[in-house]
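Every number for a ligand or one of its atoms is a count from 1 in the order of the listing. Computed from a predicted structure; not experimentally measured.
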Amino acid sequence: MDKLKEFEVWFITGSQHLYGPETLKQVDDDSSKIAQYFDKSAKIPCKVVFKPVLKTPDEITNLCVEANTSPKCVGLITWMHTFSPAKMWIAGLSILKKPFVHLHTQFNQDIPWKTIDMDFMNLNQSAHGGREFGFICSRMRKNRKVIVGHWKDKEVVEKLDIWMRAACAWNDWQGMKVARFGDNMREVAVTEGDKVEAQKKFGYSVNGFGVGDLVAYIQKAKPAQIDDMMAQYKKAYKVTLSKKQLEGVRISAKIEVGMRNFLEEGGFKAFTTTFEDLHGLLQLPGLPVQRLMADGYGFGAEGDWKTAALVRAMKVMATGMKGGTSFMEDYTYHLNPKGMKVLGAHMLEVCPSIASNKPSLEVHPLGIGGKDDPPRLVFNVPQGSGVNVSVMDMGNRFRMLINPCKVVKPDADLPKLPVARVVWQPEPNLKVAAGAWILGGGAHHTGFSMALNSEHMVDFAEMADIEYLMIDKETTISDFKKDIRVNEIYYMLKNGLV
Ligand code: MN
């Protein structure tokens, strides 16, 4: 949580000179009180900075210029205490690059029925001031979150918290570097995509590195660094391994030292690997990837850079929250009509941030890739609510699929399964969820989180200005197909709208 406190959300209030200095002073005071309340709230992750009330087009434009260029500012909360004629906002909103939320609130919760007079009415005009602002945002086709309710309302604070987390992740993507060790798994479609378009749309860059570049870093790992890594493993995990297996773990530790140095020196926040390109590596990196994810790196297997970036964003959003976030794959189904569920896992690379127990460090053969047996952490995941998210390149646009789920206990122990695993029931049920996911072209890889919910992802998709399709309790296949068809037309026409 503290990490997100270094980021600022600016509290912006719109008004005009019409009301005179006394009223404007009151507007300033009230706004500063609300900003302070949010800033001090333990439920609000970012620093909330009060900005003096905006009364002219120039003040608004200057504020937007300042917000665009402030590295700490991740977004704006806008509020219309009074009426703020919205043509004043056109120039500012035209250039504003940061996400914003329209807080449709009012300083007083209740109407003071017995004392209300015209002065009160003139001061507290959010009900129609907010509508004027809403019009210009809609007229300009601006994506923004609208939150309605009194500012002390628990739900209002919760919605702001969610939006701020998404804004921090969006800020994190701007200029982010993703390292791709090797290329894509050969012939795989969904992990491919337009990296130039992604950089334009999302702000992050993806670049490939020969595995030999990574191997050079691994060779430079010093015995003392490897010893230190081994000591960390013994402390953090259940380790009951043979001498020979421990030698394999030592090789893994060496890989981890090299990977960490490569990523840190290059300033990368996410990375991909592929088991088809391991030249010079003795093992497919399993344990190192799991541990790097636990430290906040985004990861995608088989060259999946979109999921690597997504996992990183979800980890930023989930900072300080209960429940972990991991790279995930729908692996196999339980299709029993008495309770259909998905078993999610990957060959090795599941993040221990979602573990329910102390992970067990194990070494098993991997029937793919033709390398040494790779060490990996094996664990279960606690029951609770989660969400699976996927981003695909549909050719003319990026699409996000969002599917909340309920993580359940496996029906029995899985003593022979040598990987970390999660068992979940997707909303509304497996048949509709998997059917819709497939119709939506959803990838087999996802970002999975037990900290976040679908609202975090919707806010994020709207900041990125991409299509999202929700698969939840309300979803029917027939409506879902309609959404896809309508979106197909919408996104084709969108560029001509404004
Ligand atoms: Mn995979």
Notebook entry, point to check: Pick from K234, K222, R250: which one makes a salt bridge (charged side-chain N to carboxylate O under 4.0 Å, His left out) with D227?
Noted result: R250
Next item on the list: For the pair D295 and R291, find out whether any cationic side-chain nitrogen is under 4.0 Å from an anionic carboxylate oxygen.
Entry: no
Item checked: ring-ring contact (aromatic ring centres under 6.0 Å, His included) partners of F271, counting only residues at least two apart -> F299
Check: Looking at the Mn ion (ligand 1), which N/O/S atom of H346 is the nearest one?
Finding: NE2
Next item on the list: May I ask you to check if any N/O/S atom from D304 comes under 2.8 Å of the Mn ion (ligand 1)?
Entry: no
Note to self: Checking one value in my table: which N/O/S atom of E302 lies closest to the Mn ion (ligand 1)?
What the structure shows: OE1
Check: Does H444 put an N, O or S atom under 2.8 Å from the Mn ion (ligand 1)?
Finding: no
Notebook entry, point to check: With distance as the sole criterion, is a donor-acceptor pair present between the side chains of N143 and D465 under 3.5 Å?
Noted result: yes
Item checked: 4.5 Å side-chain heavy-atom contact, M457 and L310 -> yes
Check: What's the NE2-the Mn ion (ligand 1)-OE1 angle here (H445, E329), rounded to 10 degrees?
Finding: 80°
